[in-house]
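Below: one structure, written as structure tokens.
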Amino acid sequence: AEYMGKSYLLPTKNNTVYIAGNNTSAVLDLYLRLSEQQFRNKITNMDFCIGIRGNDYVLIAEDMNAAQSIMIHQQDHEKMLELNEHLLMTRTGDLGDGVQCSEFLQKNIQLYQLRNGYEMRSDAAANYIRKYLADTLRSRDPIQVNLLLGAFDVISKTPQLYYMDYLGSMATAP
């Protein structure tokens with residue numbers, strides 16, 4: 001692994017993954033302890049997504065495995081979804097919940113734009129998604145999905161990165 005400022009460069013199968021932030025120590029320890037082939041085998045069995053916010057960009061990467069427990073059902077499953085022109089969301093968690101939740105949120109954000117004539121701002125979209133996750137937690141069918149929302153706020157001209165878990169909590173990348 002090469003140290004590049006505050007990010008690490010990890011070579012994986014056919015691409016390179018840049019990882020930054022406080023939660024990278026477990027992945028880096030795994031990478032440094034194992035050989036490259038062992039690391040590739042471990043990383044392909046995980047369900048993960050990574051988001052990085054820079055001064056003028058947001059970078060989101062994901063794995064494409066559709067896995068449940070130790071079974072990998074599909075290795076080309078698209079988990080990333082464009083909500084509108086300035087919002088991109090990726091998810092981890094239960095497959096059925098993830099597809100249903102993503103499509104529901106995408107269609108409701110598009111409906112907001114049709115009703116009001118303008119796009120939902122990034123902070124408003126993040127709070128709407130967080131409220132939806134919190135409401136489903138208190139329903140008969142809670143959704144087991146964790147989300148990363150990358151956005152570019154058109155008014156303030158700044159990139160935003162939000163993390164939301166299945167419990168309805170939300171954190172903004174610093």
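Other members of the hydrophobic cluster containing Leu133, listed by chain and number, are Leu81, Leu83, Leu87, Met89, Phe104, Leu105, Ile109, Tyr112, Tyr118, Met120, Tyr128, Ile129, Tyr132, Ile143, Val145, Leu147, Leu149, Tyr162, Met164, Met170; membership follows side-chain contacts under 4.5 Å among ILVMFWY residues, whether direct or relayed. With side-chain heavy atoms closer than 4.5 Å counting as contact, directly or through intermediates, the hydrophobic cluster containing Leu88 also holds Val58, Ile60, Met80, Leu148, Leu161, Tyr163. Counting side-chain heavy-atom gaps under 4.5 Å among Ile, Leu, Val, Met, Phe, Trp and Tyr, the cluster of Tyr166 also holds Leu137, Leu167.
For Thr90, the side-chain hydrogen bond (donor to acceptor under 3.5 Å, both in side chains) criterion is met by Glu62, not counting sequence neighbours. For Lys107, there are no salt bridge (Lys or Arg N to Asp or Glu O under 4.0 Å) partners two or more places apart in sequence or in a different chain. For Asp135, the side-chain hydrogen bond (donor to acceptor under 3.5 Å, both in side chains) test picks out Lys131, with sequence neighbours left out. For Asp94, the salt bridge (Lys or Arg N to Asp or Glu O under 4.0 Å) criterion is met by no residue, not counting sequence neighbours. With sequence neighbours left out, the side chain to side chain contact (heavy atoms under 4.5 Å, CB included) criterion links Leu114 to no other residue. Legend: residues meeting side-chain hydrogen bond (donor to acceptor under 3.5 Å, both in side chains) with Arg53, ordered by chain and number and at least two apart, are absent. Residues meeting the side-chain hydrogen bond (donor to acceptor under 3.5 Å, both in side chains) test with Asp153, sequence neighbours left out: Arg121, Ser156. Glu103 meets the side chain to side chain contact (heavy atoms under 4.5 Å, CB included) test with Val99; sequence neighbours excluded.
Within the structure, ring pair (Phe, Tyr, Trp, His ring centres under 6.0 Å) pairs that include any residue of residues 135-154 do not occur (at least two apart or interchain).
If you take SG on Cys101 and CG on Asp97, they are separated by 8.0 Å, rounding to the nearest 0.5 Å. The line from CD of Gln144 to OG1 of Thr136 is 8.5 Å long, rounded to the nearest 0.5 Å. For the atom pair SG (Cys49) and NZ (Lys79), the distance works out to 8.0 Å, reported to the nearest 0.5 Å. With rounding to the nearest 0.5 Å, the separation of OG in Ser122 from NE2 in His86 is 10.0 Å.
Heavy-atom minimum distance, Gly98 versus Ser102: O-OG, 2.8 Å.
Listed for the Arg130 side chain is a donor-acceptor partner under 3.5 Å among the backbone atoms of Gly168.
Counted by atom type alone, Thr158 and Gln160 present one or more donor-acceptor pairs between their side chains at under 3.5 Å.
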